[in-house]
Amino acid sequence: MSDSFHELKSLTKIRPHSQATENNRFALFVLVTCGLSIFNTLLLVINAFSTNNIANRPLPTMVQTINGKTIQVTAFEAKNRSPQFIKDFTAMTLTKLFTWSRYLPPSTTEDMRRPKIDPGTPIESKSAKGLVPTTVWAGSFALSDKFREEFLGETIAPLLTKLGVLQGQSEVTISILDLQDPIEVKGNADERLWKVKVVANLILRSAANVPEKTIPFNKIIYVRAIYPAALAQTTTPGDLAQVVAMAQSSGLQIYAIEGYQTDDIKPPVSQPSTGFAPAPSTNVNPTTP
């Protein structure tokens with residue numbers, strides 16, 4: 001009996017100490033939890049301020065391309081293109097497609113003094129095959145695949161052979177007189193299509209001592225928006241991947257060219273009369289790009 005009394009007495013002495021320890025642990029837990037909550041709240045506030053600063057920061061207007069050029073950019077919808085951008089693309093592409101010469105474009109001062117002869121690039125379609133100038137071949141990747149095959153094989157290659165361009169018998173250049181503002185064409189829901197009316201002349205010179213011939217080149221160019229081709233970092237100048245990427249870097253593509261009469265379009269101011277018949281038109285159904 002005496003032993004039980006002493007054990008019970010010892011338990012009553014320990015209990016207050018255990019209760020105090022539990023209270024201290026609970027208080028520490030509460031303090032730690034409050035501290036973490038305050039810290040988390042501060043992080044959320046800092047993150048909110050940072051997000052707000054990023055959201056209100058002006059978008060960059062200058063970027064540097066892979067070839068080192070710095071260009072000005074503007075944010076817009078993925079397949080939206082400005083009228084001037086479409087006109088610039090059309091003019092540049094037509095210049096590449098209709099500048100025919102025996103020589104390669106000069107890339108150095110030495111090339112300007114001694115132009116290099118263009119060996120030509122072989123092309124082949126279902127109905128024809130032949131050689132085309134390298135610049136024409138490179139520029140043709142700005143055309144849709146189906147139209148490119150028909151345009152090079154059935155239109156350009158036979159003319160180049162007939163004129164003997166790569167043999168030095170003649171040369172051709174295009175002179176663009178007027179590019180009218182693009183008109184949007186109705187297409188599928190995810191497509192952006194335009195048509196651009198062009199008034200131009202093809203200037204043909206067959207010999208140094210023979211006057212040039214000027215042939216009217218009045219066309220409707222059908223253009224659509226595409227996603228620009230990505231240029232791999234491992235490519236070197238002249239690689240096929242780089243040639244294709246450069247031709248499609250503008251995010252536009254020509255899918256048809258058709259002729260029109262001069263009465264169908266307002267002529268450019270002070271357009272001279274040439275007296276030559278219109279050049280044969282290259283027609284591809286524009287409703288099926």
Side-chain angles (χ1 to χ4, degrees), residues 54 57-99 104-105 107 121 123 132-152 156 174 176 179-198 219-258 282 284-289:
I54 293 174
R57 183 182 300 171
L59 294 174
T61 58
M62 302 294 291
V63 297
Q64 190 173 39
T65 61
I66 192 170
N67 58 3
K69 293 183 179 180
T70 302
I71 59 175
Q72 189 171 7
V73 297
T74 304
F76 54 82
E77 188 269 331
K79 288 191 175 182
N80 183 40
R81 305 290 184 269
S82 69
Q84 187 60 48
F85 189 78
I86 296 172
K87 292 168 68 174
D88 291 344
F89 164 79
T90 303
M92 179 182 65
T93 303
L94 290 179
T95 300
K96 291 180 179 179
L97 293 176
F98 293 98
T99 299
L104 291 168
S107 56
T121 302
I123 59 98
V132 299
T134 303
T135 52
V136 175
W137 169 78
S140 69
F141 287 103
L143 310 178
S144 65
D145 292 340
K146 179 181 177 182
F147 180 56
R148 177 178 179 270
E149 181 180 355
E150 297 174 355
F151 181 76
L152 289 180
I156 299 299
I174 188 171
I176 298 176
L179 274 173
Q180 297 202 351
D181 289 336
I183 300 172
E184 189 155 7
V185 179
K186 186 177 180 180
N188 297 330
D190 59 342
E191 286 186 321
R192 296 294 301 274
L193 311 174
W194 299 269
K195 63 179 181 180
V196 183
K197 292 185 177 181
V198 179
K219 303 292 180 183
I220 299 178
I221 313 297
Y222 290 88
V223 181
R224 67 180 173 190
I226 61 171
Y227 293 108
L231 183 60
Q233 297 286 345
T234 56
T235 59
T236 57
D239 283 354
L240 178 61
Q242 187 186 58
V243 172
V244 174
M246 292 299 293
Q248 300 178 1
S249 62
S250 59
L252 289 169
Q253 187 178 73
I254 294 175
Y255 65 90
I257 298 176
E258 68 177 17
T282 301
V284 174
N285 184 5
T287 61
T288 57

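These numbers come from a predicted model, not from an experiment.
Smallest separation of non-hydrogen atoms from Leu252 and Ala225: CD2-CA, 4.0 Å. Residues Lys186 and Leu193 share a closest heavy-atom pair of O-CD1, 4.2 Å. Contact record, Trp194 with Arg224: CZ3-C, 4.2 Å, taken as the closest heavy-atom pair. The minimum heavy-atom distance linking Thr93 with Gly139 is given by the pair CG2-O, 4.3 Å. Of all heavy-atom pairs between Glu258 and Tyr222, the closest is OE2-OH, 2.9 Å. When all heavy atoms of Thr90 and Val223 are compared, the closest pair comes out as OG1-CG2, 4.1 Å.
Asp190 CG: more than 12 foreign heavy atoms inside a 6.0 Å radius.
Pairs engaging residues 86-95 under the salt bridge (charged side-chain N to carboxylate O under 4.0 Å, His left out) rule: Lys87-Asp181 [sequence neighbours left out].
Ser250 is listed as a side-chain neighbour of Phe85, based on a closest heavy-atom distance under 4.5 Å. Inter-residue side-chain proximity for Pro182 and Pro83 is flagged as met; some heavy-atom pair is nearer than 4.5 Å. A 4.5 Å side-chain heavy-atom check between Val136 and Leu152 finds at least one atom pair inside the cut-off.
With sequence neighbours left out, Arg148 forms a salt bridge (Lys or Arg N to Asp or Glu O under 4.0 Å) with no residue at all. In this view, Thr135 and Pro105, Pro133 satisfy the side chain to side chain contact (heavy atoms under 4.5 Å, CB included) rule, not counting sequence neighbours.
Summarising the geometry, atom CG belonging to Leu97 is positioned 8.5 Å from atom CD1 belonging to Ile174; distances are rounded to the nearest 0.5 Å. Remark: Gln253 CD to Gln248 CD distance equals 6.0 Å, nearest 0.5 Å.
The side-chain contact (heavy atoms from CB on, under 4.5 Å) test with Ile86 singles out one residue from Glu184, Arg192, Arg81, and that residue is Arg81.
The aromatic rings of Phe151 and Phe98 stand perpendicular to each other, their planes meeting at an angle above 60°, with 30° marking the opposite boundary. The aromatic rings of Phe141 and Trp137 stand perpendicular to each other, their planes meeting at an angle above 60°, with 30° marking the opposite boundary.
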